[in-house]
Amino acid sequence: MSAHASDKFVYHEPGLQHQFDDMKQQEESVSIGMWMFLVQEIMFFGGLFTAYLVFRSRYPLAFAEASNHLDAFWGGLNTLVLIVSSLTMALTVYYAQRGNRNMQVIMILLTMFFGTVFLGVKVIEYTDKYNSGLVPVTGWNKKIPETAGTEHAASKDPTFALPLIETRAEAASAADDHKKHPNPKGEFQWNYGTHVVDYGLSKEKETGKPYLTASERIGYFSNGVFDPDKYRDKIRMFYYIYFVMTGLHALHMIVGLGLMSWLLWTAWRGYYSAEYYAPVEMSGLYWHFVDIVWIFLFPLLYLLGRHFLAGH
Amino acid sequence: MQTNSWVPFFPEQASTFAWQVDALYFYLIAISVAFTIPIVAAVFIFGLRYREREKYATPEEMHGSIVLETVWSIIPFVISMTIFLGGAIVYYNQYRPPDDGMNVYVVGKQWMWKIQHEGGQREINELHVPVDTNVKLTMTTEDVLHDFSIPAFRTKADVVPGRYTYLWFNATKPGKYHLFCAEYCGLNHSGMGGYVYVMSKEDFAAWQSGNVSGQTPVEQGRDLFENKLGCASCHAGGPQQRGAKLEGIFNKEIKLVGGSTVVADDAYIRESILNPGAKIVEGYQPIMPTFKGQVTEEQLVALVAYIKSLSGVADTGGQPAAPAATPAATAPANSAPPANR
Amino acid sequence: MQDAGLTNEEIEEKPKLNYLTNGSTLKSWLLTKDHKRIALMYLVSVSAFFFVGGLYAATIRLELLTPATDLLESGTYNKAFTQHGILMIFFFLIPSIPAILGNFLLPIMIGAKDLALPRINLLSLYFYWIGGALTIFALLQGGVDTGWTFYTPYSTTFSNTFVMAVGLGIFINGFSSILTGLNFIVTIHTMRAPGMTWFRLPLFVWANYATSLVMILGTPVVAITVLLLAIERFARVGIFDPAIGGDPILFQHLFWFYSHPAVYIMILPGMGVISELISNFSRKKIFGYEFIAFSSIAIAVFGFLVWGHHMFVSGQSIYAGLVFSFLTMVVAVPSAIKMFNWTATLYKGSIDFSTPMLYAIGFLGLFLIGGLTGLFLGSIGLTVHLTDTYFVVAHFHYVMVGGQVIAYLGGIHYWWPKMTGRMYSEFWGKISAMLVFIGFNLTFFPQFILGYQGMPRRYASYPEELQVLNIFSTAGASVLGVGLLMPVVYLAHSLIYGKKAGDNPWLLPGLEWRTASPPPTENFEKMPVVTWEAYEFGEENGLDVEEARRRDLATVR
């Protein structure tokens, strides 16, 4: 119990925290910690994906039709933007390992730029949903007073007397039409007609084989008659899942941008070197993870089922 | 939940698969005892035998034994597989509703059970079923999750909004059994229950027909009196009858064999139906058979009401109402769960 | 000290700073990165939640004294059992052993200065506090009455209580548990002292490792589920309400996917404590070390495959039911292995029946009953009758209270001298251990019988013929309550009046006994190098038996 006094004056490398013996141990710890964090993120999103898959398989037609209103152009653009941002992120790590401060800063700035573009596109998309009455929460849509839509006789009829929509152009014009529908309380609206279900029913007549699933028969029909309200509920469910998933993803992007700002500051100050670049690497892991989530979200939400419009 | 079994605190067995569930239960108890006794004994014996003799003594080192580990991994596995198989067999029997079952439709609602029979009879918080008959319940709910549970039948099933679930049983013993809602459903969850009445097939038929016609208790009583139970063959009145005259007797003093008298009130009429030999009216032979077990409480109420009406007394409701017997009484207003709490 | 010139000796005799005395400002506690201080703050907060939850339990038992709803109205009773469940499960059972004992001891046991991520550790404490504060706030506002399971559509559409606030509280608290698990895994992987190989780790560490796996893989799922529930309630749209085409059964699947493994979050660390106690108080190497270690991992893995056994009567297909029943039976095997190994460890030991060991022996009996009745409930044919009855209530209290709480109390008593440097009253410790054991059995054994008779759980009133056993249960609960309150008194008393414990009061070989009591901030004066296997009691291991005997004699005089 005597001479450990000398222990107090151990040399500490910069960035080495007191609980670790050396940098190797610290980096290993941080790395395992990050991977564990990503594992829990996967489980977190996993619950959402499960919910999505359950209802996609239960109401394929409603989900396909609902997803048709998502603009694959913006979605595709965002996918591209994120893939490029992943590249710049990877380059950030590369230059950090090289100890190249200037390129590091440039790459971080680029990454942040692409991240911001992604969020900007998201804002455009969300605004469109807001204007079209596709936010599933009552009162969170654009409120269109009664008078604005009076020139449309059809719009007063709640029974969805819209014609069968056959083409994409018609869908678009219906969408325009829809924008003029009054929506004084900002409710969720779905006035695009029911062409997908109609298509399914006519297909059933043609082939004599069931086209709709059993849950769809319960889900869309009341006493054997197509029920637009019940159908709209399923569309609304799609948009609910869409907003929760993309919203949580966007939240992760915002956290990522915060991380990038901190990284930018520290990189600018020249914290990172060939010996110490773990924070850059860890932020990179996080950024890539958020990108990968989008790589799953994009096809599931935007692309799956698009052939219902393109096909005929 | 009558505890008239030889095991204290044991629920009554009243369905065809109750004994299977109980057999599995006792098998598991036997296994539990067979595991518990040696382990507890070992802990006690080791505890006494190897009690610390000397502070900080270091006992000889012992290493694990692969053989022992293997043995005590395999034995529990094999035993647990027998339990699994036993459970699977019992479950398989419970799960598959028979094709020839009598259908009953159940709708759960906060906080009552609405039940409809194939014949159109409706009940609330009560279910009348015949004995020795396959009964299949098709169930759903108007609001939240419920669970239709009959402990005496050893069965239950959740009732889920937006879909149908099924339950079947074959009751073996006439009687009155608890019906519970076993899935938490909000404020009055513990009040959402009632009774299942298992009746003999004849009684059930009577109950069923009595219910369909929408009769008042007096009319129902007459129906029972004249047709279903055949009381009229002896008691129809007139001098040549073998049975006592019933007109005008209600609340009157009646002379009995042996000289005593009794007031012919509800209780007396009821007793005379269930236990005719107890108090014989002067001038008649003790030849009437007992109707105990053949008439339900509701039918008794109806019979008493009819006999009262023969004396010009309107049924004032002094007897418990018979909810199942009159359509009016099945309205939700009267459907408060039994006040046994 | 008589001579002012002896400066060297003066330095030597100055009391060394331990983690408790190293900084006394409020800030030095609230912003500490020391795992031991964080553990202590957890201890205080978790105990507070435990006693609030206990008060609810007491009102529940009092209400059930009579068949009628006389003490509480149905609505109040529903809130009482809901809040009892929520506080006990999310704010006591899940954090208790990992966040208190694990946090305190895991780094010391593996010879580390701290957890690998001390700031994350502090963050997890703050998540716990925020989640807890939100929940308490909701309870003060009027509480919640959905049952701790939050089954839809009652929770989303029908209940008009504070479901959202409590849901968010649980969501936030979930991250506390995720971060603790993450921290433990990292720490066990990277922070082991030289020579501390995986198979030299104390079994408590193994158990916490398995627990952490479950925390990381399971908790996020319940977090997102509860979040979806809260959004659904708020926005009146969602995926769980059947009125709009949603599926209440999906909620049950997502909920139990976490909440079944959560049972293992609660019991596995308890099993770890018991392994420590049995081995150390028998002064004997634990029997079948590897089997106990791997059975923990096996339980954690299989625990993820059996969630469907909570839904046997919810309308799932017969095949799903059979598969889940089969897997449930398989989980029984690793638990049985542990049981046999613990018993075998006692054989030819030198058993010291101190208070912690009394708890360990109590655990063996109670967990045995809890585990065996789990077989009743896993057997699908039988569980149709038993599910949602008091049989289930009795079963999980045998596992949770008889298992986890008993192990937790054993652990607290065992490591109390290490944590505080003081010894509690052995006499009162033994008395309270006995009272807890007797009171517990009296409370919950009658409930097995009640359950088989068919008494449904969550009932504010019940048929009169069931009253006798309910009276037994309530009477037992009062004994249990006294038994649980006593440690608060004598442990608090020991803080000031308890005799100094010394570094190694039981002369045990674990690393935590090779540092000061209470330990210094960085745990060891000199970082240890491990050259011995776990649980080796021989003198060659540096345990000076003669010295310890002399010390004991001295204190007796």
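Labels below follow one simple rule: chain letters A, B, ... track the order of the sequence lines, proteins then strands, and each chain is numbered from 1. Excluded from the calculations below are hydrogen atoms, water molecules and symmetry mates; all remaining heavy atoms, backbone and side chain alike, are included.
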Student: Under a 3.5 Å cutoff, is there a donor and acceptor pairing between the side chains of Tyr452(C) and Asp22(B)?
Tutor: yes
Student: As an exercise, state the distance from CZ of Phe17(B) to NE2 of His385(C), rounded to the nearest 0.5 Å.
Tutor: 11.5 Å
Student: Measure Asp147(B) against the heavy atoms of chain C and call it side chain, backbone, both or neither at under 4.5 Å.
Tutor: side chain
Student: If I take atom OH from residue Tyr25(B) and atom CG from residue Leu382(C), how far apart are they, to the nearest 0.5 angstrom?
Tutor: 8.0 Å
Student: Of the backbone (N, CA, C, O) and the side chain (C-beta and beyond), which part of Cys181(B) lies under 4.5 Å from a heavy atom of chain C, both, or neither?
Tutor: both
Student: Please name the residue in the list Tyr462(C), Tyr459(C), Tyr390(C) that meets the ring-ring contact (aromatic ring centres under 6.0 Å, His included) test with Phe180(B).
Tutor: Tyr459(C)
Student: By a 4.5 Å heavy-atom criterion (distance strictly below it), what part of Val160(B) contacts chain C: side chain, backbone, both, or neither?
Tutor: side chain
Student: Checking Ser149(B) against chain C: side chain, backbone, both or neither under 4.5 Å from a heavy atom?
Tutor: neither
Student: Looking at Ile66(B), Leu68(B), Ile31(B), Thr58(B), which makes the most heavy-atom pairs under 4.5 Å with chain C?
Tutor: Thr58(B)
Student: Would you say His178(B) and Glu465(C) are linked by a side-chain donor-acceptor pair, where the criterion is simply a distance under 3.5 Å?
Tutor: yes
Student: What residue in Gln110(B), Gln20(B), Arg49(B) has the most heavy-atom pairs under 4.5 Å with chain C?
Tutor: Gln110(B)
Student: Given the options Val90(B), Thr165(B), Ile83(B), Val40(B), which has more heavy-atom pairs under 4.5 Å with chain C than any of the others?
Tutor: Ile83(B)
Student: Between the side chains of Glu60(B) and Lys284(C), is the shortest nitrogen-to-carboxylate-oxygen separation below 4.0 Å, so that they form an ion pair?
Tutor: no
Student: Under 4.0 Å between a side-chain nitrogen and a carboxylate oxygen: does that hold for Asp352(C) and Lys55(B)?
Tutor: yes
